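A note on names: the letters A, B, ... follow the listed sequences, proteins ahead of strands, and every chain is numbered from 1. Quick caveat, the model's predicted, so the values are computed rather than measured. Just the heavy atoms: all of them, side chains too, but no hydrogens, waters or symmetry mates, feed the values below.
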Amino acid sequence: MAEEVRSLNFIEHIVEEDLKNGYSRESLRFRFPPEPNGYLHIGHASSICLNFGLGLRYNAPVNLRFDDTNPAKEEKEYVDAIKDDVSWLGYEWDTECYASDYFQQLYDWAVELIKQGKAYVDSQSSEAIASQKGTPTEAGTESPFRNRSVEENLELFEGMKNGEFAEGAHVLRAKINMASTNMLMRDPVMYRILHKPHHRTNTDWCIYPMYDWTHGESDYIEQVSHSLCTLEFLPHRELYDWFLDQLVDSDKLRPKQREFARRNLSHTVVSKRKLLQLVESGVVNGWDDPRMPTISGLRRRGYTPESIRNFADTIGIAKRENVVDVSLLEFHVREHLNKIAPRVMAVLNPLKLVITNYEKGKEEWLDAENNPEDESAGNRRVPFSGELYIEQEDFKEEANRKFFRLKLGGEVRLKNGYIIKAESCTKDEDGNVIEVQCTYDPKSKSGSGTEESLRKVKGTLHWVSIPHAVTAEVRLYDRLFNDATPDGHKDKDFMDFINPDSLQKITGYVEPSLKEAKSGDQFQFQRLGYFNVDKDSTPEQLVFNRTVTLRDTWAKLEQKN
RNA sequence: UGGCCUAUGGUGUAAUUGGCAACACUACUGAUUUUGGUUCAGUCAUUCUAGGUUCGAGUCCUAGUAGGCCAACCA
């Protein structure tokens, strides 16, 4: 067993340091805390892999906690989708938690804060409160309600809870410091009135705690040791700590918040608003469209959990701005699929090839290796006949020596089959080649062991026997955006960079072994790319998605010329 | 004009905490190959700038520069 030496990321360094300074290994606990207001995307995947990866590394529990404090935006549908996605990525959470389970405890603590004179009910409009907030360079001014008596605050807060007031009538604020250089410390709102049913607590509550007054406290209740979030929450840390200061019991673990940079993927957008816009404008066909950077989209596209986990592991975690090139993600799917995907033959851009010296009506079943990378994958049989499809790109009447494919008078091997020689071709009135006639060498059959079968020819083509071919709908996906950072331009909207050719639906011809392929099955169409069976697929009408093409050095060569 | 964070090849991350700048991807060479795939070998850096401390600085200090975050009854 070669021990892989991976250097620690800065979060792991922090944990190691804490371990050295008295934290016990048993006290470690992490959490992944999504708000159930949308679908998880590749950015969340990084966070999931970070937190659950830490759990695996330290054998520590990881909670899946839903940060469900805003009933206006949240739905059960999202809770279920999130659970699905985390599970699919291959992780098991210790406890399924909901911030809404802590509403009563949070309320009791808030009452405690009021009694200590550290929180007060403000009865101004949100606009008035905002205008008193000040700016980053100017201190704010104190609310006229800041010094209400404890009794009055208690009474009003209870009234808020009991539904005696309209939305917006009052809020509960922490009494901290209106002159703080940190805007978040200027008497932040802890509770607002929302007469909206919650997907779990229904109408039990009509006041809802804000993020800052929920997150750290939830971490504390769950005894999470390290609460990891993205960098934009860094200014929240002071407040996170202030709230904890008010209520932490010295014999219990005190959670700490640490921040890392969110990962940005090139050629994509990830904000919920923008993803929603893509869905609603019909640019894509839903949240799980294979072009979407959502986890469900990636899954439908044919990405494997392993490939996403390896990707997350490779890009690591740090604190600086970043744009990870999508080619790294593509590398990881190819790497994984190369090991596990059975090879099959499919022709997507057919050109008819007739073998003139092959006996009319004859068929043969040729032996084909399922996966050269995996001996245990075994073999299958592929039907061969005198009329085949090959790719149009694989034939030219004339070409230079760099062209390893079929040209008139040239030889090529048909994968798993015979060596053929192109003799002539026929064209339509526009001059397009519509059929190629060739002859084959009957002694050159692959695996037959004859001298002729061992003969080296430069090119090998994939093919499908026309009488045996199964037609299938094939969806060729490409990047959704033509720009590396579609939402990184001040003067242009990200929608301006939509790639109009991100989806091309064609009819392909596949070998008959694919007839039984089921939704989710993954294949390598040899020389073309990796494809999976879409959920739209039926036994009558197969549907394949192209996950990613194979690396194509020939295409690059051609492009240069 | 305030506070805070960040800066290492084209990209992302490392560097035993002051000791030969490493790994992966991309790109480019070449070898192997019944997938122009895979695999294998190789090429690509004034560590943002300027000073300083030190035998020695990516790492420490000072001053700049650039980028990011912060004024929701969102999370």
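- Remark: RNA chain B takes part in the stems B:2-7 with B:65-70, B:10-13 with B:22-25, B:27-31 with B:39-43, B:48-52 with B:60-64, each of 3 or more antiparallel Watson-Crick or G-U pairs, criterion distances under 3.5 Å.
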Nucleotides 40-44 of chain B: which of its N/O atoms have a protein N/O under 3.5 Å away?
none

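- Residues passing the side chain to side chain contact (heavy atoms under 4.5 Å, CB included) test with A:R381, sequence neighbours excluded: A:W365, A:D367.
- Of the residues in residues 134-142 of chain A, those lying under 4.0 Å from RNA chain B by heavy-atom distance are A:G134, A:T135, A:P136, A:T137.
- Remark: A:D441 pairs with A:K443, A:S444, A:E452, A:R455 by the side chain to side chain contact (heavy atoms under 4.5 Å, CB included) rule, at least two apart or across chains.
- Under the side chain to side chain contact (heavy atoms under 4.5 Å, CB included) criterion, A:S266 pairs with A:V323, A:D325, A:V326, A:A484, not counting sequence neighbours.
- Ring stacking holds between A:W554 and B:rG36, with the centres under 5.5 Å apart and the planes within 30 degrees of each other.
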Pairs of donor and acceptor atoms involving the side chains of residues 157-165 of chain A, under 3.5 Å and at least two apart or interchain, shall be tabulated with distances.
unit_1, atom_1, unit_2, atom_2, d
A:N162, ND2, A:E158, O, 3.3

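- For the contact set between residues 160-179 of chain A and RNA chain B, defined by any heavy atom under 4.0 Å, the members are A:G168, A:V171.
- The salt bridge (Lys or Arg N to Asp or Glu O under 4.0 Å) pairs that include a residue from residues 261-271 of chain A are A:E232-A:R262, where partners are two or more places apart or lie in different chains.
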Its contact letters, B for base, S for sugar-phosphate only and - for none at protein heavy atoms under 4.0 Å, make nucleotides 19-34 of chain B read ------SSSSS----B

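- Every residue two or more places apart in sequence or in another chain was checked for a salt bridge (charged side-chain N to carboxylate O under 4.0 Å, His left out) with A:R546, and none qualifies.
- Among the atoms of the strands shown, only primed sugar atoms or phosphate atoms (P, OP1, OP2) are found under 4.0 Å from some heavy atom of A:E321.
- Judged as a side chain to side chain contact (heavy atoms under 4.5 Å, CB included), and not counting sequence neighbours, the contacts of A:M210 are A:V189, A:R192.
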